[in-house]
*Asks:* 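Structure provided below as C-alpha coordinates; questions to follow.
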2 protein chains.
Amino acid sequence: MSGRVLLADDHRILREGLRRSLEAQHIEVVGEAADGDEALELAEALRPDVVLMDVSMPVLDGVEATRRIRQRLPEVRVVMLTMHADETTMARAIRAGADGYLVKDCSTEEIAETVRLVAGGQTAVSREVAVSMLREVRSMPPEVEEVVSKREEEVLQLIADGCSSAEVAEQLFISQKTVKNHLASIYQKLDARDRTQAVLRAVRMGIVRLG
Amino acid sequence: MSGRVLLADDHRILREGLRRSLEAQHIEVVGEAADGDEALELAEALRPDVVLMDVSMPVLDGVEATRRIRQRLPEVRVVMLTMHADETTMARAIRAGADGYLVKDCSTEEIAETVRLVAGGQTAVSREVAVSMLREVRSMPPEVEEVVSKREEEVLQLIADGCSSAEVAEQLFISQKTVKNHLASIYQKLDARDRTQAVLRAVRMGIVRLG
DNA sequence: GGCACAACGGGCCGTTCGGCCCATTCAGAT
DNA sequence: ATCTGAATGGGCCGAACGGCCCGTTGTGCC
(Lines give C-alpha, C1' and ligand atoms only; values in the text may rest on other atoms or scores of the structure.)
Protein backbone atom coordinates (compact mmCIF):
# COMPACT_ATOMS: atom_id res chain seq x y z
CA MET A 1 0.00 0.00 0.00
CA SER A 2 2.89 2.37 -0.67
CA GLY A 3 0.84 3.80 -3.56
CA ARG A 4 1.40 4.65 -7.19
CA VAL A 5 1.46 8.44 -7.52
CA LEU A 6 0.93 10.85 -10.44
CA LEU A 7 2.40 14.32 -10.05
CA ALA A 8 0.62 17.31 -11.61
CA ASP A 9 2.32 20.68 -11.37
CA ASP A 10 3.36 23.23 -13.97
CA HIS A 11 6.78 23.75 -12.37
CA ARG A 12 9.28 21.14 -13.46
CA ILE A 13 11.57 21.90 -10.54
CA LEU A 14 8.85 21.26 -8.05
CA ARG A 15 7.82 18.03 -9.75
CA GLU A 16 11.37 16.69 -9.68
CA GLY A 17 11.84 17.70 -6.08
CA LEU A 18 8.61 15.99 -5.13
CA ARG A 19 9.54 12.87 -7.09
CA ARG A 20 12.85 12.55 -5.25
CA SER A 21 11.24 13.18 -1.88
CA LEU A 22 8.50 10.65 -2.45
CA GLU A 23 10.82 8.01 -3.85
CA ALA A 24 13.06 8.47 -0.81
CA GLN A 25 9.97 7.61 1.22
CA HIS A 26 9.48 4.49 -0.92
CA ILE A 27 6.52 5.87 -2.82
CA GLU A 28 6.39 5.09 -6.52
CA VAL A 29 5.89 8.04 -8.89
CA VAL A 30 4.40 6.69 -12.11
CA GLY A 31 4.08 9.90 -14.07
CA GLU A 32 4.24 13.68 -14.24
CA ALA A 33 1.80 16.15 -15.80
CA ALA A 34 2.43 19.83 -16.51
CA ASP A 35 -1.18 20.97 -16.77
CA GLY A 36 -4.72 19.91 -15.91
CA ASP A 37 -5.47 18.34 -19.26
CA GLU A 38 -2.34 16.23 -19.15
CA ALA A 39 -3.14 15.19 -15.60
CA LEU A 40 -6.55 14.01 -16.76
CA GLU A 41 -5.08 12.04 -19.67
CA LEU A 42 -2.30 10.46 -17.64
CA ALA A 43 -4.70 9.58 -14.85
CA GLU A 44 -6.85 7.67 -17.33
CA ALA A 45 -3.83 5.99 -18.90
CA LEU A 46 -1.85 5.15 -15.78
CA ARG A 47 -4.60 4.69 -13.17
CA PRO A 48 -2.50 5.85 -10.23
CA ASP A 49 -3.72 5.39 -6.66
CA VAL A 50 -3.19 9.08 -5.93
CA VAL A 51 -2.77 12.27 -7.98
CA LEU A 52 -0.75 14.98 -6.27
CA MET A 53 -2.29 18.02 -7.96
CA ASP A 54 -1.29 21.66 -7.86
CA VAL A 55 -4.20 24.07 -7.60
CA SER A 56 -3.07 26.61 -10.18
CA MET A 57 -2.13 25.14 -13.53
CA PRO A 58 -2.39 26.31 -17.13
CA VAL A 59 -4.93 25.02 -19.65
CA LEU A 60 -7.08 23.30 -17.07
CA ASP A 61 -7.28 24.47 -13.48
CA GLY A 62 -6.28 21.95 -10.79
CA VAL A 63 -9.69 22.07 -9.17
CA GLU A 64 -11.47 21.44 -12.45
CA ALA A 65 -9.06 18.64 -13.31
CA THR A 66 -9.80 17.10 -9.92
CA ARG A 67 -13.52 17.27 -10.52
CA ARG A 68 -13.23 15.46 -13.84
CA ILE A 69 -10.83 12.83 -12.60
CA ARG A 70 -13.02 12.01 -9.62
CA GLN A 71 -15.98 11.81 -11.94
CA ARG A 72 -14.52 9.47 -14.50
CA LEU A 73 -12.17 7.56 -12.26
CA PRO A 74 -13.68 7.35 -8.79
CA GLU A 75 -11.00 4.92 -7.66
CA VAL A 76 -8.27 7.50 -8.27
CA ARG A 77 -7.78 9.73 -5.22
CA VAL A 78 -6.60 13.32 -5.46
CA VAL A 79 -4.48 15.30 -3.04
CA MET A 80 -4.39 19.03 -3.70
CA LEU A 81 -1.25 21.07 -3.29
CA THR A 82 -1.37 24.82 -2.86
CA MET A 83 0.83 27.73 -1.92
CA HIS A 84 -1.44 29.08 0.79
CA ALA A 85 -4.33 27.80 2.84
CA ASP A 86 -6.90 29.89 0.99
CA GLU A 87 -10.37 29.17 2.32
CA THR A 88 -12.44 29.52 -0.81
CA THR A 89 -10.06 27.61 -3.04
CA MET A 90 -9.89 24.86 -0.46
CA ALA A 91 -13.66 24.71 -0.28
CA ARG A 92 -13.85 24.44 -4.05
CA ALA A 93 -11.25 21.68 -4.08
CA ILE A 94 -13.04 19.67 -1.44
CA ARG A 95 -16.36 19.98 -3.23
CA ALA A 96 -14.59 18.92 -6.41
CA GLY A 97 -13.75 15.67 -4.64
CA ALA A 98 -10.22 16.07 -3.31
CA ASP A 99 -9.35 13.67 -0.48
CA GLY A 100 -6.37 15.60 0.74
CA TYR A 101 -5.22 19.17 0.86
CA LEU A 102 -1.65 20.23 1.55
CA VAL A 103 0.20 23.53 1.68
CA LYS A 104 3.46 23.50 -0.21
CA ASP A 105 5.68 24.40 2.70
CA CYS A 106 4.87 21.28 4.68
CA SER A 107 7.55 18.62 5.19
CA THR A 108 8.20 15.79 2.74
CA GLU A 109 7.36 13.37 5.50
CA GLU A 110 3.99 15.00 5.81
CA ILE A 111 3.39 14.74 2.08
CA ALA A 112 4.37 11.09 2.04
CA GLU A 113 2.19 10.34 5.03
CA THR A 114 -0.78 12.09 3.43
CA VAL A 115 -0.31 10.16 0.19
CA ARG A 116 -0.25 6.87 2.12
CA LEU A 117 -3.34 7.79 4.12
CA VAL A 118 -5.29 8.86 1.07
CA ALA A 119 -4.20 5.81 -0.92
CA GLY A 120 -5.52 3.75 1.97
CA GLY A 121 -8.92 5.42 1.70
CA GLN A 122 -8.43 8.02 4.41
CA THR A 123 -8.66 11.76 3.94
CA ALA A 124 -6.04 14.16 5.24
CA VAL A 125 -5.16 17.81 5.39
CA SER A 126 -2.28 19.94 6.66
CA ARG A 127 -2.58 21.44 10.11
CA GLU A 128 -2.77 24.91 8.54
CA VAL A 129 -5.56 23.70 6.33
CA ALA A 130 -7.48 22.22 9.23
CA VAL A 131 -7.43 25.58 10.96
CA SER A 132 -8.72 27.33 7.86
CA MET A 133 -11.44 24.75 7.48
CA LEU A 134 -12.80 25.50 10.91
CA ARG A 135 -13.01 29.16 10.07
CA GLU A 136 -14.67 28.31 6.79
CA VAL A 137 -17.30 26.05 8.27
CA ARG A 138 -18.06 28.42 11.10
CA SER A 139 -18.52 31.47 8.92
CA MET A 140 -20.42 29.85 6.09
CA PRO A 141 -23.97 28.81 6.89
CA PRO A 142 -25.02 27.57 3.44
CA GLU A 143 -23.18 26.94 0.18
CA VAL A 144 -22.13 30.31 -1.01
CA GLU A 145 -20.19 28.97 -3.93
CA GLU A 146 -21.75 28.06 -7.23
CA VAL A 147 -24.87 30.15 -6.77
CA VAL A 148 -24.20 31.93 -10.01
CA SER A 149 -22.52 30.41 -13.03
CA LYS A 150 -19.08 31.45 -14.18
CA ARG A 151 -20.47 33.51 -17.03
CA GLU A 152 -22.97 35.22 -14.78
CA GLU A 153 -20.12 36.07 -12.43
CA GLU A 154 -18.29 37.77 -15.29
CA VAL A 155 -21.38 39.80 -16.09
CA LEU A 156 -21.77 40.82 -12.45
CA GLN A 157 -18.15 41.87 -12.23
CA LEU A 158 -18.43 44.08 -15.30
CA ILE A 159 -21.63 45.64 -14.00
CA ALA A 160 -19.85 46.32 -10.71
CA ASP A 161 -17.02 47.90 -12.70
CA GLY A 162 -19.49 50.41 -14.09
CA CYS A 163 -20.53 48.89 -17.40
CA SER A 164 -24.00 49.21 -18.89
CA SER A 165 -25.63 46.18 -20.47
CA ALA A 166 -24.40 47.28 -23.86
CA GLU A 167 -20.84 47.65 -22.60
CA VAL A 168 -20.91 44.26 -20.92
CA ALA A 169 -22.05 42.77 -24.24
CA GLU A 170 -19.14 44.47 -25.98
CA GLN A 171 -16.60 43.26 -23.43
CA LEU A 172 -17.79 39.67 -23.56
CA PHE A 173 -18.40 39.58 -27.34
CA ILE A 174 -22.04 38.59 -26.93
CA SER A 175 -25.34 40.33 -27.72
CA GLN A 176 -27.08 42.70 -25.35
CA LYS A 177 -29.93 40.25 -25.20
CA THR A 178 -27.72 37.56 -23.78
CA VAL A 179 -26.46 39.96 -21.15
CA LYS A 180 -30.06 40.68 -20.21
CA ASN A 181 -30.75 36.95 -20.03
CA HIS A 182 -27.79 36.43 -17.71
CA LEU A 183 -28.96 39.32 -15.57
CA ALA A 184 -32.46 37.88 -15.37
CA SER A 185 -31.00 34.59 -14.19
CA ILE A 186 -28.81 36.43 -11.68
CA TYR A 187 -31.78 38.35 -10.31
CA GLN A 188 -33.59 35.10 -9.68
CA LYS A 189 -30.61 33.41 -8.02
CA LEU A 190 -29.66 36.37 -5.86
CA ASP A 191 -33.23 37.40 -5.11
CA ALA A 192 -32.65 40.85 -6.57
CA ARG A 193 -34.89 42.90 -8.79
CA ASP A 194 -32.34 45.15 -10.45
CA ARG A 195 -28.63 45.44 -11.16
CA THR A 196 -28.03 47.59 -8.12
CA GLN A 197 -29.35 45.00 -5.69
CA ALA A 198 -27.67 42.17 -7.55
CA VAL A 199 -24.28 43.85 -7.39
CA LEU A 200 -24.68 44.70 -3.70
CA ARG A 201 -25.54 41.09 -2.84
CA ALA A 202 -22.65 39.87 -4.97
CA VAL A 203 -20.31 42.20 -3.13
CA ARG A 204 -21.58 41.02 0.22
CA MET A 205 -21.20 37.40 -0.86
CA GLY A 206 -17.69 38.00 -2.13
CA ILE A 207 -18.60 37.07 -5.68
CA VAL A 208 -17.24 40.30 -7.09
CA ARG A 209 -14.47 42.63 -5.99
CA LEU A 210 -14.92 46.36 -5.94
CA GLY A 211 -12.43 48.88 -7.23
CA MET B 1 -11.02 79.13 36.04
CA SER B 2 -13.20 76.38 37.48
CA GLY B 3 -15.64 76.98 34.61
CA ARG B 4 -19.34 77.46 34.16
CA VAL B 5 -20.80 74.33 32.53
CA LEU B 6 -23.99 73.62 30.57
CA LEU B 7 -25.08 69.98 30.45
CA ALA B 8 -26.86 68.66 27.35
CA ASP B 9 -28.12 65.09 27.46
CA ASP B 10 -31.55 63.59 26.89
CA HIS B 11 -31.28 61.34 29.96
CA ARG B 12 -32.25 63.13 33.13
CA ILE B 13 -30.52 60.56 35.32
CA LEU B 14 -27.25 61.06 33.54
CA ARG B 15 -27.56 64.84 33.74
CA GLU B 16 -28.15 64.76 37.47
CA GLY B 17 -25.33 62.30 38.01
CA LEU B 18 -22.99 64.52 36.03
CA ARG B 19 -24.12 67.62 37.90
CA ARG B 20 -23.35 66.04 41.28
CA SER B 21 -20.00 64.73 40.06
CA LEU B 22 -18.95 68.08 38.64
CA GLU B 23 -20.14 70.08 41.61
CA ALA B 24 -18.21 67.72 43.88
CA GLN B 25 -15.16 68.75 41.83
CA HIS B 26 -16.05 72.42 42.41
CA ILE B 27 -17.28 72.98 38.86
CA GLU B 28 -20.36 75.12 38.50
CA VAL B 29 -23.24 73.70 36.43
CA VAL B 30 -25.29 76.63 35.17
CA GLY B 31 -27.96 74.76 33.24
CA GLU B 32 -29.27 71.54 31.74
CA ALA B 33 -30.67 70.89 28.25
CA ALA B 34 -32.57 67.81 27.13
CA ASP B 35 -32.05 68.19 23.39
CA GLY B 36 -29.90 69.95 20.82
CA ASP B 37 -32.26 72.87 20.31
CA GLU B 38 -32.48 73.55 24.02
CA ALA B 39 -28.70 73.31 24.28
CA LEU B 40 -28.39 75.94 21.56
CA GLU B 41 -30.89 78.27 23.27
CA LEU B 42 -29.42 77.88 26.74
CA ALA B 43 -25.90 78.35 25.41
CA GLU B 44 -26.95 81.69 23.93
CA ALA B 45 -28.77 82.70 27.09
CA LEU B 46 -26.27 81.53 29.70
CA ARG B 47 -22.96 81.85 27.86
CA PRO B 48 -21.28 78.97 29.68
CA ASP B 49 -17.55 78.38 29.35
CA VAL B 50 -18.14 74.77 28.35
CA VAL B 51 -21.05 72.72 27.06
CA LEU B 52 -20.90 69.03 27.95
CA MET B 53 -22.86 67.63 25.02
CA ASP B 54 -24.13 64.13 24.36
CA VAL B 55 -23.76 62.98 20.77
CA SER B 56 -27.17 61.43 20.31
CA MET B 57 -30.08 63.65 21.25
CA PRO B 58 -33.61 64.17 19.96
CA VAL B 59 -34.75 67.13 17.83
CA LEU B 60 -31.24 68.31 17.06
CA ASP B 61 -28.28 65.96 16.94
CA GLY B 62 -25.40 66.73 19.33
CA VAL B 63 -22.94 67.17 16.51
CA GLU B 64 -25.19 69.60 14.68
CA ALA B 65 -25.86 71.51 17.89
CA THR B 66 -22.12 71.75 18.41
CA ARG B 67 -21.60 73.11 14.91
CA ARG B 68 -24.15 75.87 15.46
CA ILE B 69 -22.97 76.80 18.91
CA ARG B 70 -19.38 77.09 17.74
CA GLN B 71 -20.53 79.18 14.84
CA ARG B 72 -22.60 81.68 16.78
CA LEU B 73 -20.69 81.62 20.03
CA PRO B 74 -17.03 80.96 19.28
CA GLU B 75 -16.09 81.66 22.89
CA VAL B 76 -18.23 78.76 24.13
CA ARG B 77 -16.28 75.50 24.10
CA VAL B 78 -17.93 72.15 23.57
CA VAL B 79 -16.94 68.77 24.99
CA MET B 80 -18.67 65.81 23.36
CA LEU B 81 -19.83 62.84 25.36
CA THR B 82 -20.50 59.50 23.72
CA MET B 83 -21.17 55.90 24.60
CA HIS B 84 -18.43 54.47 22.41
CA ALA B 85 -15.34 55.76 20.68
CA ASP B 86 -16.84 55.58 17.21
CA GLU B 87 -14.36 56.86 14.62
CA THR B 88 -16.72 58.49 12.18
CA THR B 89 -18.90 60.18 14.80
CA MET B 90 -15.80 61.46 16.49
CA ALA B 91 -14.45 62.81 13.24
CA ARG B 92 -17.74 64.58 12.59
CA ALA B 93 -17.73 66.05 16.07
CA ILE B 94 -14.22 67.37 15.77
CA ARG B 95 -14.94 68.93 12.39
CA ALA B 96 -18.04 70.49 13.94
CA GLY B 97 -15.72 72.26 16.33
CA ALA B 98 -15.69 70.18 19.51
CA ASP B 99 -12.69 70.84 21.74
CA GLY B 100 -13.02 67.69 23.81
CA TYR B 101 -14.31 64.20 23.28
CA LEU B 102 -15.05 61.80 26.13
CA VAL B 103 -16.47 58.30 26.37
CA LYS B 104 -19.14 57.96 29.01
CA ASP B 105 -17.43 55.28 31.06
CA CYS B 106 -14.49 57.45 31.98
CA SER B 107 -14.04 58.60 35.58
CA THR B 108 -15.65 61.75 36.98
CA GLU B 109 -12.17 63.04 37.70
CA GLU B 110 -11.35 62.67 34.06
CA ILE B 111 -14.47 64.57 33.06
CA ALA B 112 -13.74 67.36 35.50
CA GLU B 113 -10.16 67.59 34.35
CA THR B 114 -11.24 67.76 30.72
CA VAL B 115 -13.75 70.50 31.45
CA ARG B 116 -11.04 72.54 33.18
CA LEU B 117 -8.57 72.03 30.36
CA VAL B 118 -11.09 72.97 27.69
CA ALA B 119 -12.32 75.99 29.66
CA GLY B 120 -8.66 77.07 29.81
CA GLY B 121 -8.37 76.91 26.02
CA GLN B 122 -6.83 73.46 25.74
CA THR B 123 -8.29 70.52 23.87
CA ALA B 124 -8.59 67.07 25.40
CA VAL B 125 -9.81 63.59 24.65
CA SER B 126 -10.14 60.29 26.49
CA ARG B 127 -7.36 57.78 26.09
CA GLU B 128 -9.71 55.50 24.20
CA VAL B 129 -10.56 58.35 21.91
CA ALA B 130 -6.92 59.16 21.27
CA VAL B 131 -6.33 55.63 20.09
CA SER B 132 -9.29 55.79 17.75
CA MET B 133 -8.10 59.09 16.39
CA LEU B 134 -4.79 57.65 15.34
CA ARG B 135 -6.56 54.95 13.40
CA GLU B 136 -8.84 57.54 11.86
CA VAL B 137 -6.10 59.86 10.75
CA ARG B 138 -3.97 57.06 9.38
CA SER B 139 -6.73 55.54 7.28
CA MET B 140 -8.26 58.71 5.94
CA PRO B 141 -6.21 60.60 3.37
CA PRO B 142 -8.68 63.34 2.43
CA GLU B 143 -11.97 64.63 3.79
CA VAL B 144 -14.46 61.96 3.05
CA GLU B 145 -17.23 63.63 4.97
CA GLU B 146 -19.66 66.15 3.54
CA VAL B 147 -19.35 65.10 -0.10
CA VAL B 148 -23.07 64.48 -0.29
CA SER B 149 -25.70 66.35 1.67
CA LYS B 150 -27.61 64.72 4.52
CA ARG B 151 -30.72 64.32 2.40
CA GLU B 152 -28.74 62.83 -0.45
CA GLU B 153 -27.24 60.40 2.01
CA GLU B 154 -30.72 59.28 3.05
CA VAL B 155 -31.63 58.71 -0.58
CA LEU B 156 -28.47 56.71 -1.15
CA GLN B 157 -29.13 54.56 1.89
CA LEU B 158 -32.65 53.74 0.77
CA ILE B 159 -31.44 52.90 -2.74
CA ALA B 160 -28.82 50.62 -1.17
CA ASP B 161 -31.59 49.02 0.87
CA GLY B 162 -33.30 48.02 -2.36
CA CYS B 163 -35.79 50.82 -2.93
CA SER B 164 -36.75 52.12 -6.35
CA SER B 165 -37.06 55.86 -6.92
CA ALA B 166 -40.79 55.65 -6.26
CA GLU B 167 -40.25 53.80 -2.98
CA VAL B 168 -37.61 56.27 -1.84
CA ALA B 169 -40.09 59.06 -2.53
CA GLU B 170 -42.69 57.24 -0.45
CA GLN B 171 -40.31 56.68 2.46
CA LEU B 172 -39.15 60.28 2.55
CA PHE B 173 -42.57 61.82 1.84
CA ILE B 174 -41.34 63.67 -1.22
CA SER B 175 -42.10 63.41 -4.93
CA GLN B 176 -40.35 61.04 -7.31
CA LYS B 177 -39.05 64.06 -9.13
CA THR B 178 -37.19 65.27 -6.09
CA VAL B 179 -35.66 61.87 -5.62
CA LYS B 180 -34.45 62.01 -9.20
CA ASN B 181 -33.04 65.47 -8.57
CA HIS B 182 -31.16 64.24 -5.51
CA LEU B 183 -29.86 61.32 -7.52
CA ALA B 184 -28.71 63.60 -10.31
CA SER B 185 -26.80 65.66 -7.75
CA ILE B 186 -25.35 62.51 -6.25
CA TYR B 187 -24.20 61.25 -9.65
CA GLN B 188 -22.34 64.47 -10.18
CA LYS B 189 -20.71 64.48 -6.76
CA LEU B 190 -19.73 60.82 -6.79
CA ASP B 191 -18.81 60.77 -10.48
CA ALA B 192 -21.32 58.02 -11.18
CA ARG B 193 -23.68 57.67 -14.08
CA ASP B 194 -26.33 55.44 -12.51
CA ARG B 195 -27.65 54.31 -9.15
CA THR B 196 -25.55 51.15 -9.19
CA GLN B 197 -22.26 53.01 -9.46
CA ALA B 198 -23.39 55.64 -6.98
CA VAL B 199 -24.27 53.04 -4.35
CA LEU B 200 -21.03 51.16 -4.89
CA ARG B 201 -18.98 54.33 -4.43
CA ALA B 202 -21.01 55.24 -1.38
CA VAL B 203 -20.37 51.81 0.10
CA ARG B 204 -16.67 52.11 -0.57
CA MET B 205 -16.62 55.58 0.99
CA GLY B 206 -18.51 54.39 4.04
CA ILE B 207 -21.42 56.72 3.36
CA VAL B 208 -23.96 53.91 3.47
CA ARG B 209 -24.07 50.62 5.34
CA LEU B 210 -25.08 47.41 3.62
CA GLY B 211 -27.42 44.84 5.06
C1' DG C 1 -30.05 93.27 0.89
C1' DG C 2 -28.01 89.96 -1.98
C1' DC C 3 -25.98 85.52 -3.01
C1' DA C 4 -25.36 80.65 -2.80
C1' DC C 5 -27.19 76.38 -1.92
C1' DA C 6 -30.10 72.67 -0.17
C1' DA C 7 -34.56 70.83 -0.71
C1' DC C 8 -38.56 70.82 -3.00
C1' DG C 9 -41.19 70.45 -7.43
C1' DG C 10 -43.16 70.25 -12.88
C1' DG C 11 -42.63 68.73 -17.64
C1' DC C 12 -40.48 66.53 -21.60
C1' DC C 13 -37.87 63.06 -23.96
C1' DG C 14 -34.92 59.38 -25.36
C1' DT C 15 -32.64 55.37 -23.53
C1' DT C 16 -32.25 51.64 -20.65
C1' DC C 17 -33.98 48.21 -18.05
C1' DG C 18 -36.57 44.16 -16.66
C1' DG C 19 -40.41 40.83 -17.63
C1' DC C 20 -42.33 37.82 -20.80
C1' DC C 21 -42.74 34.95 -24.75
C1' DC C 22 -39.76 32.07 -27.65
C1' DA C 23 -35.61 29.08 -30.15
C1' DT C 24 -30.90 26.81 -30.75
C1' DT C 25 -26.68 24.49 -29.39
C1' DC C 26 -23.78 21.83 -26.59
C1' DA C 27 -22.04 19.46 -22.49
C1' DG C 28 -22.88 16.61 -18.66
C1' DA C 29 -25.88 13.71 -15.88
C1' DT C 30 -29.07 9.66 -15.46
C1' DA D 1 -31.40 7.85 -25.31
C1' DT D 2 -33.25 11.49 -22.88
C1' DC D 3 -33.12 15.40 -20.08
C1' DT D 4 -31.46 19.11 -17.58
C1' DG D 5 -28.92 23.26 -17.49
C1' DA D 6 -25.68 26.77 -19.31
C1' DA D 7 -24.98 29.90 -22.92
C1' DT D 8 -26.34 31.94 -26.90
C1' DG D 9 -29.95 34.65 -29.35
C1' DG D 10 -34.73 37.25 -31.18
C1' DG D 11 -38.87 40.18 -30.43
C1' DC D 12 -42.12 42.86 -27.78
C1' DC D 13 -43.63 46.03 -24.28
C1' DG D 14 -44.34 48.88 -20.28
C1' DA D 15 -42.06 50.90 -16.62
C1' DA D 16 -38.08 52.94 -14.80
C1' DC D 17 -34.31 55.70 -15.41
C1' DG D 18 -31.27 59.75 -16.45
C1' DG D 19 -30.64 64.24 -18.87
C1' DC D 20 -32.44 68.52 -19.85
C1' DC D 21 -35.15 72.67 -19.33
C1' DC D 22 -37.44 75.36 -15.77
C1' DG D 23 -39.51 77.03 -11.24
C1' DT D 24 -40.27 78.18 -5.63
C1' DT D 25 -39.01 78.24 -0.85
C1' DG D 26 -36.11 78.57 3.05
C1' DT D 27 -31.65 79.00 5.54
C1' DG D 28 -27.12 80.49 6.30
C1' DC D 29 -23.38 83.57 4.91
C1' DC D 30 -21.15 87.98 3.56
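Proteins get letters first, then strands, A, B, ... in listed order; numbering begins at 1 in each. What you see below is based on every heavy atom in this structure, not just the backbone, and it leaves out hydrogens, waters and symmetry mates.
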*Asks:* Who pairs with B:Arg195 by side-chain hydrogen bond (donor to acceptor under 3.5 Å, both in side chains), at least two apart in sequence or on another chain?
*Replies:*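 B:Arg195 satisfies side-chain hydrogen bond (donor to acceptor under 3.5 Å, both in side chains) with B:Ser165 only.
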
*Asks:* Which letter, B, S or -, goes with each nucleotide of nucleotides 2-18 of chain C from 5' to 3', with contact meaning a protein heavy atom under 4.0 Å?
*Replies:* -----SBBBB-----SB

*Asks:* Under the side-chain hydrogen bond (donor to acceptor under 3.5 Å, both in side chains) rule, what pairs show up with a residue in residues 35-47 of chain B, not counting sequence neighbours?
*Replies:*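 Qualifying pairs, neighbours excluded: B:Arg47-B:Glu75.
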
*Asks:* Hey, is B:Arg67 close enough to B:Glu64 for a salt bridge, meaning N to O under 4.0 Å?
*Replies:*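 Salt bridge: yes.
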
*Asks:* Heavy-atom nearest nucleotide on DNA chain D for B:Arg68 versus B:Ala192: which residue maps closer to 5'?
*Replies:*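 Between the two, 5'-proximity favours B:Ala192.
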
*Asks:* Mind checking side-chain hydrogen bond (donor to acceptor under 3.5 Å, both in side chains) for B:Arg193 and listing every partner two or more places apart, or none if nothing turns up?
*Replies:*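 Only A:Glu167 meet the side-chain hydrogen bond (donor to acceptor under 3.5 Å, both in side chains) criterion with B:Arg193.
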
*Asks:* Applying salt bridge (Lys or Arg N to Asp or Glu O under 4.0 Å), can you list everything that pairs with B:Asp194, at least two apart in sequence or on another chain?
*Replies:*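 Residues passing salt bridge (Lys or Arg N to Asp or Glu O under 4.0 Å) with B:Asp194: none at all.
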
*Asks:* Report the residues that fulfil side-chain hydrogen bond (donor to acceptor under 3.5 Å, both in side chains) with B:Arg15, sequence neighbours left out, ordered by chain and then residue number.
*Replies:*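 Per chain and number, B:Arg15 pairs via side-chain hydrogen bond (donor to acceptor under 3.5 Å, both in side chains) with B:Glu32.
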
*Asks:* Nearest whole Å is fine: how far is D:dT27 P from B:Arg67 CZ?
*Replies:*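 Taking CZ of B:Arg67 and P of D:dT27, I get 18 Å after rounding.
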
*Asks:* Using atom CD of A:Glu154 as one end and atom P of D:dA6 as the other, report the distance to the nearest whole Å.
*Replies:*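 Computing the A:Glu154:CD to D:dA6:P distance gives 15 Å.
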
*Asks:* Please report, rounded to the nearest Å, how far the C1' atom of D:dG18 is from the CD1 atom of B:Ile159.
*Replies:*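 Spelled out: CD1 on B:Ile159 to C1' on D:dG18 is 12 Å.
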
